[in-house]
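A short worksheet on the structure shown next.
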Amino acid sequence: MDSKPRFLFSSLLFLTFFVTFAAAHIGQFDEYWKKKAELAEVKNRASYNPDPDSVTSHFNAEVHTESIDMEDDTANNTRRGLRGKRMNSKNEPCVATNPIDRCWRCRSDWSKNRKLMAKCAKGFGRHTTGGLDGRFYIVTNPADDDMVNPKKGTLRWGVIQDRPLWIVFASDMIIRLNEELIVNSNKTIDGRGYNVRIVGGASMMLQFIHNVIITNLHIHDIVPGDGGMIRDSETHYGFRTRSDGDGISIFGSSNIWIDHVSMANCGDGLIDAIMGSTAITISNSHFTQHNDRIILNVTLLQVTKREYSPENIWKDWNWRSEGDLLMNGAVFVPSGVDPNTNSIDERDLIKAKPGTFVTRLTRYSGALDCVRGRPC
Ligand SMILES: *[C@@H]1O[C@H](CO)[C@@H](O)[C@H](O)[C@H]1NC(C)=O
Ligand SMILES: *[C@@H]1O[C@H](CO)[C@@H](O)[C@H](O)[C@H]1NC(C)=O
Ligand SMILES: *[C@@H]1O[C@H](CO)[C@@H](O)[C@H](O)[C@H]1NC(C)=O
C-alpha cells in the first residue's frame, strides 16, 4: 500500500469569484429584482473568501485526518473489512471516500436525519445549510404545467416559497420543466432515496439568491425554455426571456452546494456559474458527454470585476478544480487567473490519487441509488 497522503475526492470543484451582475433572462428588471440583486450583492460580499488557500488547507486537513480509515476501506481483509461495516442496498459495505460523504452516507439512518447533510459541506460553500431552518416539503406531483400559479405538491411550488424548505420527493420521478425553475433562497432539493430526473425540458436557475443545496438529482437533455411569465417567489412573477439550456445556471448567488448530481447532454453548459457568484462547492458529481463539449463554464467577466475592486485585489480571484470527472471529451472552460502561472507550489496542496484509483473514485460520483434504512 502506498502510504502517501492522497486526495480521495471523485469530483470537487471550488469556485470563488465575485463580479457584478447583468440580468440574465429577466425580462423586466423591476423593483422586486432590483431588491433581490441588492440583497444578493450584500450576501455575496459577506460570503466571499479572500483567501482560497485557507479553504483548501481546511479541506486537506479533514482529508488527511481520515486517511487511516480510508486505508481500511481499501485493505482486502475480510474479517476486519466486514466487522462493523454497514451494508448498503446492494449488500456491499458502504465506503465513503471523502469527508463530505463520510459525514452522512454510511449511516443507516440517513433518511431519518436528512438535515444532517446541512452540516456536511466543505470547501468554499461549506457554510451552505440550504433548507435546514425550514420544514420538509414533499414533491408528490411531477407535473410542471402552470408557471405562474404552480400547484402545491409540484417541485416548482416548493422552490419559489419565500421561507426555508427542505424539499424531498415521494417517489421516483421524471420532471420535465416547461420553463426555467427559478429557485428561491434557503432551499435544499434532496433527491436521495429516489431516482429523480430533471429531463427533456428547461433548466434550473439560481439567480440573486443564497444558501441552496442540490443533491442526488439526474439532470440531462435540457433544452432552452421559450420564455414567458414565470413565478419566482410567493409574491412575484414576471417575464423571462428565452433561457440557454444550461443544466444549472448560477448567477449572482452565494453559498451554493451541488453534490451527487449527474449531468449530461444539455443545450448549453452543464453548470454555468457566471457573474457575481461566490462560495460554491460542487462535489461528487458526474458530468458526461455533452453536445458542445463544454461542461462547466465559470467565466469571469474581468471588465465588470474591475468596477468593484482594484486590480491588485481581483487579480487573485481564482477558481480551482480537483479531480472532476470529465468524460467522453468533456472539457472544463476556465478563465480568470491561470493557476499554472500563479504560485502553484503553494496551491497544489491536494495530492492527486494514482490512476489505479479511478474506478474507485468514480464509483460513488453522481446520483446515488440510496435505499431508506440502509447506508447509501
Ligand atoms: C481478497 O479477498 C478475497 C476473499 O478472501 C479473495 O477471493 C480475493 O482474491 C482477494 N483479492 C485480492 C486482490 O487479494
Ligand atoms: C435565509 O435564511 C437566513 C438565515 O435564517 C436569513 O437571514 C435570510 O434572510 C433568508 N433569506 C431569505 C431571502 O429569506
Ligand atoms: C461562458 O459564459 C459566458 C457568459 O455567459 C459566455 O459569454 C461564454 O461564451 C461562455 N463560454 C463558452 C465557452 O460557452
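Atoms within each ligand, like the ligands themselves, are counted from 1 in listed order.
The cationic group of K115 lies under 6.0 Å from the six-membered ring centre of F136 and within 45° of the ring axis, placing it in a cation-pi geometry. Both the sub-6.0 Å distance and the 45° axial angle are not jointly satisfied by R102 relative to the ring of W110.
Pocket lining of ligand 2, defined as residues with a non-hydrogen atom under 4.0 Å away: D133, D162, S185, N186, H210.
Pairing of C94 with C106 by a disulfide is supported, the SG atoms lying closer than 2.5 Å.
Ring orientation note: the planes of W33 and H236 are nearly perpendicular, at an angle over 60° on the 30°/60° scale.
Here N195 pairs with R197 under the side chain to side chain donor-acceptor pair (under 3.5 Å) rule; sequence neighbours left out.
For the pair T154 (side chain) and D144 (backbone), a donor-acceptor distance under 3.5 Å is absent.
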